[in-house]
Amino acid sequence: MPDIPKTYTAESYEDALYQRWEESGLFTPIIQEGVRPFVISIPPPNATGTLHLGHATMLAIQDIMIRYHRMKGIPSLWIPGTDHAGIATQNKVEKLLAEKGITRHQLGRPKFMEEVEKFVEQSRSTIKTQVKKMGASVDWSRERFTLDQGLSRAVREVFVRMYSDGIIYRGDSIVNWCTRCSSTLADDEVKYKEEHTKFYYIKYGPVIIGTARPETKFQDKVIIVHPDDERYKSYHGQKLQVPWINGNVEATFIADPAADPEFGSGAMTITPAHSFVDFDIAKRNSLPIISIIDEKGNLTAEAGEFAGQNAHDARAAIVKKMQDRGLIESVDHNYMHNLSVCYRCDTPIEPLVSKQWFVDVNKEFKFKKSNRRPIKGIRDGQKVTLKQLMRHAVEKNAITILPDRFNKTYFHWIDNLRDWCISRQIWYGHQVPVWYCVGDKDKACKIDCKEPVVGTSAPEQCKYCGSSNFRQDPDTLDTWFSSGLWTFSTLGWPDDTADLRYFHPTSVLETGYDILFFWVARMILMATYAIGEIPFETVYLHGLVRTRTGEKMSKSKPETCIDPLDMIAKYGADALRLSMIVGSAPGNDVRLYEEKIAGYRNFVNKIWNAARFALLNIGEEDLNRPMSQELKSTAAISLADKWILTRTQELIKDVTNHLENFQFSEAGTKIYDFTWGEYCAWYLEISKGEHKNLPVLIYVLKTVLKMLHPFVPFVTEALWKELNEEKMLIGEPWPVFQKDLIFKKDAADMQAIIDTISAIRSMRQESGIEAGQKLNAIVYASKKHLSLLEAKREPIIRLGRLEELELHQLTKAGDHKVHNALSQFLSCGIEIYIPVEGIIDIASERVRLSKEVENLKSYLSSLDTKLSNENFIKNAPTALVAEQREKQATEKEKLAKLEKKLAQMSV
RNA sequence: GGGCGGUUAGCUCAGUUGGCUAGAGCGCCUCGUUGACGUCGAGGAGGUCACAGGUUCGACUCCUGUACCGCCCACCA
């Protein structure tokens, strides 16, 4: 008999098990031509530090999918990796340096980069450890990092292609500028914060204009009015002199629909260089764009005497001057507006015009079709825009988004998408693959050869002046530019590798809904553009992990913020995994707290003990005996065996279906209920009293362990070893539904026994009979049931805690009187009486009985009305009608018996 | 302003083609040393499925509207 501890202590098994898995090589799939693989690219965690519960969630869900498919015998690849996360990582390192009083500028670019790389190396190894702690069965041999040589090559390749297709361009455009990061930000890297501020109404010649930012108004020179606004129709195109902050300016009236006649005076001035809306108006009307604020946040020469001052700080003085000049009409002191701030550092965003690199999402180019798994519906060489491609991929169902409500969000995002600013003025990242000739020292370049040279590597010689001195563009690319390539750059693209050919497109992209735009959409853009394939077939979006009260978890609130590593140390990775899977629906946020994890730890321990008990009954020789044949041999098989075998087959069907349909919570719940509520609570309990059928016991245990494995890989693998299995569970085949192990009738019979025992237990306790008190039970049943009950006499007595069990055949008259007894009438026709004379007060039983009669009556009346409704009979499925009829009959019979019984008690 | 989601037992949540007297875990109450498990076992209380209409033989489930909570997008000078 194996010596197994009474409780499962996760920490003494997990690391060793993970190591065994790794050493087994099973994390690395074997390419089988002709078999479609199952592939997940991990959403690469940022190389900024540690994993949080969001990562734990994604690891749990993805590991379930990977392990399931691996067990099904499908080559399953899960590629791990990390993202360099340019801005986030640079900020982090800058903060660390600031603690030592050092700035990145003091260090200089090369030294600073060394610091970053040191930090990142550390961080990446921490992340790797944590991924292992979760039990994630990723293929470490294919681990990638967005700054790897290969991936960097992919980045340059895409950049060059896009540039030559005219999709990437360099231009002066309005961008979100973070003055602290000294960098641009993409539109979706800007967050909004509500803020109270002053709102100024200012006289501008004949009109009153409103603004919250008077410091940007120095060069406002046009008055925009709506073309249809009758008040201003005669002014269109007129010029006039207007007294302004630093003297008079010449103002022009321009008609443009952007002006809302209902708002204020219906007229407005514009500041094209510092407002996205105004910039568009200026472009439409070919108006000059004058920068008032520079990249440090200071006022430019255009501000006259205020030049050089910080724009925000100068506001008061500027307002003062306006006031002195009589320009201020009024001030609203309680104006609410949304302040835009940097999503990384919370600094207010300054929209300004700057020379940057953009991806044009509306520019047509010739689509290049993949020759392996091309997107349907678009021809090779067809002219398309990136927007159209992104829309097409999802609209035509090449990509399925789950839950599907996110389709709408996705389309809305695409429709409002503007050109993507991809250059960043930070140091950490892929440097823009663009060079500029600087000429030679002795022979300064006379020809104007300053045009950008774009290429995958530095140019050798300037085609104009022959110089080989080039300066690479100092900017780096948006992090999402490289992570957008993730599904195929990790497989070796731009080379035509075996991996790329076999594993792309990937199967499922599983991630949080919060990065649908940041990342998911960008991957669709990049894959469809660069290789003419979709990056993945299904997008599964999980919700955010929140605190018990629904707040976002934040490290600044340690009392509610849960660290996955702490939980793993305390409850085990299996428990943590379950707590994030069961009871959560896709796309919905999950509230997590410690008791929940503790609950699943209890379940993990239950699994352990279920196996432990089985093992206490199984000898070594039994374990090692092949016994698949004996399973079906009728000689040794009992009713309980047939029942549990049937239930097991049904479970295989259910769990497999749910997993195929991404219903992880449902699948988990089903195995949980089966393991605890059927296998342990009934099958094992009943087996204690009778001759054990070892083949069935072992078969069911192993089958359940297999199905549990994707959810709780550690405890199941540990037990698998105790079962003397040589191979590891991770590589076992997924259970297959076997029709010949379904015993429908026997299963129903067993259910009748279970119901009988439950009824006895419930009667005892409801009447407040002491647990130690042994009782007699008198049971009436049909001939068929009688032999069943006879056969299961032992468990009924034991589990019902009876002294004696009297069995009688039910007579047609049903006239058996058992005086002063508790009674229960089961739907299957079994009648149970427990004489309680001298044990309890019979009056309370009367009360209980009448309550039950009332219940039954109201239920029956609802059935009656339903069945007397012609339309129900006509329209409802016949099976349902039959079922309801049957129910009506049995419940009617039951009611008659209950009423009779109640009458007998009135003595 | 536009869009999306939530509202089911005291708490946290399941409930996917509309068809069982609506389920689970935790908590609560009563009880328990039965050959694995007290990280256990038995039983129980507790819900007009937010509200109001509608469609349907039938609605927690579909439609319309309302209220409250939350999220996303846009951002009115």
Side-chain angles (χ1 to χ4, degrees), chain A residues 4 6-8 187-188 192 199 209-213 224 258-260 262-264 267-271 275-278 281 337-338 340 403 405-406 408-409 412-413 416 513-514 516-517 543-544 546 548 550 571 575 579 582-585 587-593 595-596 598-617 661 663 665-666 669 672-673 677 680-681 684-685 688-689 758 761-766 768-772 798-799 801 855-856 858-860 862-863 865-866 869-877 879-881 883-884 887 891:
Chain A
I4 306 169
K6 286 176 97 165
T7 47
Y8 171 66
D187 290 346
D188 40 22
Y192 295 90
F199 192 78
I209 58 159
T211 185
R213 302 200 60 196
I224 304 287
D260 177 4
E262 306 291 318
F263 190 89
M268 64 178 181
T269 63
I270 57 167
T271 312
S275 152
F276 281 84
V277 176
D278 294 2
I281 299 172
H337 80 149
N338 277 326
S340 49
R405 68 180 125 96
F406 284 102
K408 214 170 172 176
T409 323
H412 182 260
W413 182 80
N416 292 293
Y513 63 73
D514 53 330
L516 177 62
F517 306 139
L544 270 38
R546 296 177 174 279
R548 152 173 254 141
Y571 302 105
S579 70
V582 178
S584 74
N588 285 5
D589 292 351
V590 188
R591 298 187 188 195
L592 193 70
Y593 39 88
E595 299 96 292
K596 205 171 187 171
Y600 289 108
R601 185 270 321 265
N602 296 352
F603 174 61
V604 168
N605 189 57
K606 188 74 181 176
I607 300 169
W608 181 259
N609 273 288
R612 179 171 186 260
F613 176 71
L615 281 163
L616 293 176
N617 289 290
N661 292 308
Q663 294 163 333
S665 172
E666 284 290 293
T669 307
Y672 181 102
D673 290 343
C680 291
L684 291 187
E685 281 307 320
K688 284 176 184 173
S758 288
R761 284 170 164 179
S762 148
M763 285 152 79
R764 299 181 59 107
Q765 303 224 18
E766 268 184 67
I769 297 169
E770 276 182 36
R798 178 164 49 90
L799 299 175
R801 313 213 71 209
N855 266 343
L856 201 50
S858 78
Y859 177 45
L860 260 173
S862 82
L863 277 181
T865 43
K866 190 184 276 182
N869 184 338
E870 277 175 41
N871 287 319
F872 175 71
I873 309 295
K874 212 163 55 192
N875 297 317
L880 183 75
V881 177
E883 190 188 305
Q884 300 285 306
K887 208 165 260 178
E891 296 304 306

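The chains referred to below are lettered A, B, ... by the order of the sequence lines, with proteins before strands, and numbering in each begins at 1.
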Chemist: Which residues pass the side chain to side chain donor-acceptor pair (under 3.5 Å) test with A:Thr7, sequence neighbours left out?
Modeler: none
Chemist: Atom pairs, N/O to N/O, protein against nucleotides 21-24 of chain B, distance under 3.5 Å?
Modeler:
{"residue": "B:U21", "atom": "O4", "partner": "A:Glu891", "partner atom": "OE1", "Å": "3.4"}

Chemist: Which listed nucleotide (B:A36, B:C11, B:G43) is nearest to the side chain of A:Leu616?
Modeler: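 In terms of side-chain proximity for A:Leu616, the closest of B:A36, B:C11, B:G43 is B:A36.
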Chemist: If you check every side-chain atom of A:Lys596, which of B:U12, B:A36, B:G15 has the closest atom?
Modeler: B:U12
Chemist: Looking only at side-chain atoms of A:Ala876, point me to the closest of B:C76, B:C37, B:C57.
Modeler: B:C57
Chemist: When you compare B:A67 with B:A50, how far apart are their C1' atoms, in angstrom units rounded to a whole number?
Modeler: 8 Å
Chemist: Go nucleotide by nucleotide along RNA chain B from the 5' end; which of A:Ser275 and A:Ala681 gets its closest nucleotide reached first?
Modeler: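 The residue whose closest nucleotide sits nearer the 5' end is A:Ala681.
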Chemist: With respect to the side chain of A:His412, which nucleotide from B:C37, B:C73, B:G44 is positioned closest?
Modeler: B:C73
Chemist: Please state how far atom CG in A:Asn661 lies from atom C1' in B:G15, giving the value in whole angstrom units.
Modeler: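 After rounding, the gap between these two atoms is 15 Å.
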Chemist: Name all residues meeting the salt bridge (Lys or Arg N to Asp or Glu O under 4.0 Å) criterion together with A:Arg761; count only those two or more places apart in sequence or in a different chain, and write none if there are none.
Modeler: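 Once residues adjacent in sequence are excluded, A:Arg761 has no partner under the salt bridge (Lys or Arg N to Asp or Glu O under 4.0 Å) criterion.
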Chemist: I want to check one thing: is the phosphate of B:C75, taken as OP1 and OP2, less than 4.0 Å away from some side-chain N or O of A:Tyr192?
Modeler: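 The answer is yes; a side-chain N or O of A:Tyr192 sits under 4.0 Å from OP1 or OP2.
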Chemist: Students often get this wrong, so: under 4.0 angstrom with heavy atoms, is A:Ala585 touching a base, only sugar-phosphate, or nothing?
Modeler: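 Counting heavy atoms under 4.0 Å across all strands, the contact made by A:Ala585 is with sugar-phosphate only.
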Chemist: Would you mind reading off the distance between A:Asn338 atom CG and B:C73 atom C1', rounded to a whole angstrom?
Modeler: 12 Å
Chemist: Can you check whether any acceptor in the base of B:U16 is under 3.5 Å from a donor in the side chain of A:Gln663, or vice versa?
Modeler: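 Looking at the base of B:U16, it does pair with a donor or acceptor on the side chain of A:Gln663 (distance under 3.5 Å).
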Chemist: How far does the P atom of B:A24 sit from the matching atom of B:A45, given to the nearest Å?
Modeler: 12 Å
Chemist: Under 4.0 Å, counting only non-hydrogen atoms across every strand here, what does A:Asn869 touch: a base, just sugar-phosphate, or nothing?
Modeler: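 Sugar-phosphate, backbone atoms only, no base.
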Chemist: Any sub-3.5 Å donor-acceptor pair from A:Arg801's side-chain atoms to A:Arg764's backbone N or O?
Modeler: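 Such a contact is absent between A:Arg801 side chain and A:Arg764 backbone.
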Chemist: Keeping A:Lys606 on the side-chain end and A:Tyr672 on the backbone end, is there a donor-acceptor pair under 3.5 Å?
Modeler: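 Absent.
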Chemist: Just jot down the side-chain contact (heavy atoms from CB on, under 4.5 Å) partners of A:Gln884, sequence neighbours excluded, or say none.
Modeler: A:Leu863, A:Lys866, A:Leu867, A:Phe872, A:Leu880
Chemist: Nearest whole Å is fine: how far is B:C75 C1' from A:Phe199 CZ?
Modeler: 13 Å
Chemist: Please confirm whether the shortest side-chain N or O distance from A:Asn602 to OP1 or OP2 of B:C40 is below 4.0 Å.
Modeler: yes
Chemist: Answer yes or no: does a side-chain N or O of A:Arg591 lie under 4.0 Å from OP1 or OP2 of B:U12?
Modeler: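 Yes, A:Arg591 has a side-chain N/O under 4.0 Å of OP1/OP2 on B:U12.
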Chemist: In this structure, how many angstroms lie between the C1' atom of B:G41 and the CZ atom of A:Phe613, rounded?
Modeler: 14 Å
Chemist: Distance between the C1' atoms of B:U55 and B:G65, in whole angstroms?
Modeler: 15 Å
Chemist: Donor-acceptor check, side chain of A:Asn588 to backbone of A:Ser584, threshold 3.5 angstrom: yes or no?
Modeler: no
Chemist: Does A:Arg601 make a side-chain donor-acceptor contact with the base of B:U39, cut-off 3.5 Å?
Modeler: yes
Chemist: With side-chain contact (heavy atoms from CB on, under 4.5 Å) as the test, would you mind laying out the steps for A:Val277 and A:Met268 before giving the verdict?
Modeler: CA-CA 12 Å; A:Val277 176; A:Met268 64 178 181; 5.6 Å; no
Chemist: Closest approach to the side chain of A:Asp260, judged atom by atom: which nucleotide of B:C57, B:A77, B:A36 is it?
Modeler: B:A77
Chemist: OP1 or OP2 of B:G25 sitting under 4.0 Å from any side-chain N/O of A:Lys606?
Modeler: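 For B:G25, neither OP1 nor OP2 has a side-chain N or O of A:Lys606 closer than 4.0 Å.
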Chemist: Atom pairs under 3.5 Å, N or O on each side, protein against nucleotides 3-5 of chain B: can you list them with distances?
Modeler:
{"residue": "B:C4", "atom": "OP1", "partner": "A:Lys408", "partner atom": "NZ", "Å": "2.5"}

Chemist: Got a sec, which residues hit ring pair (Phe, Tyr, Trp, His ring centres under 6.0 Å) with A:Tyr8, two or more places apart in sequence or on another chain?
Modeler: A:Tyr13, A:Trp608
Chemist: Once pairs are restricted to Watson-Crick or G-U wobble with both distances under 3.5 Å, how does RNA chain B read as a dot-bracket string, [ ] for crossings and | for other-strand pairs?
Modeler: (((((((..((((.....[...)))).(((((.......))))).....(((((..]....))))))))))))....
Chemist: On a plain distance test, is the side chain of A:Glu685 in donor-acceptor contact with the base of B:A36 below 3.5 Å?
Modeler: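 A donor-acceptor contact between them is present.
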Chemist: Considering just the side-chain nitrogens and oxygens of A:Lys6, establish if one lies under 4.0 Å of OP1 or OP2 belonging to B:C37.
Modeler: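 Answer is yes, contact under 4.0 Å.
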Chemist: Let me know the distance between CZ of A:Arg761 and P of B:U34, rounded to the nearest Å.
Modeler: 14 Å
Chemist: Please report, rounded to the nearest Å, how far the C1' atom of B:C37 is from the CG atom of A:Leu684.
Modeler: 11 Å
Chemist: Got a sec, which residues hit ring pair (Phe, Tyr, Trp, His ring centres under 6.0 Å) with A:Phe613, two or more places apart in sequence or on another chain?
Modeler: none
Chemist: Taking 4.0 Å as the cut-off, does a side-chain nitrogen or oxygen of A:Thr269 come that near to OP1 or OP2 on B:A77?
Modeler: no
Chemist: Tell me every residue that passes salt bridge (Lys or Arg N to Asp or Glu O under 4.0 Å) with A:Glu595, counting only those two or more places apart in sequence or in another chain.
Modeler: A:Arg548
Chemist: Using heavy atoms to find the nearest nucleotide of RNA chain B for A:Asn609 and A:Ser665 separately, return the residue whose nucleotide is more 5′.
Modeler: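 Upstream on the strand: A:Ser665.
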Chemist: With a 3.5 Å distance limit and no angle check, can you tell me whether A:Asn609 reaches the backbone of A:Asn605 through a side-chain donor-acceptor pair?
Modeler: yes
Chemist: Categorize A:Leu880 for me: base, sugar-phosphate, or nothing, with a 4.0 angstrom heavy-atom threshold over every strand shown.
Modeler: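 Base contact - A:Leu880 has a heavy atom under 4.0 Å of at least one base atom.
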Chemist: Whole angstroms only, please: what is the CG-C1' distance between A:Asp589 and B:C72?
Modeler: 12 Å
Chemist: If the C1' atom of B:G2 is compared with that of B:A59, how far apart are they to the nearest Å?
Modeler: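 30 Å, rounded to whole Å.
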Chemist: How would you list, by chain and number, every residue that makes a salt bridge (Lys or Arg N to Asp or Glu O under 4.0 Å) with A:Arg546, sequence neighbours excluded?
Modeler: A:Asp589
Chemist: Name the nucleic acid region contacted by A:Gly583, choosing base, sugar-phosphate or nothing; use a 4.0 angstrom heavy-atom cut-off, strictly under.
Modeler: sugar-phosphate
Chemist: Check salt bridge (Lys or Arg N to Asp or Glu O under 4.0 Å) between A:Glu685 and all other residues, then give those that pass, not counting sequence neighbours.
Modeler: A:Lys688
Chemist: Residues in side-chain contact (heavy atoms from CB on, under 4.5 Å) with A:Asn338, at least two apart?
Modeler: A:Tyr192, A:Glu194
Chemist: Just compare B:G19, B:G15, B:G25 and give me whichever is closest to any side-chain atom of A:Glu666.
Modeler: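 Of the candidates, B:G15 comes closest.
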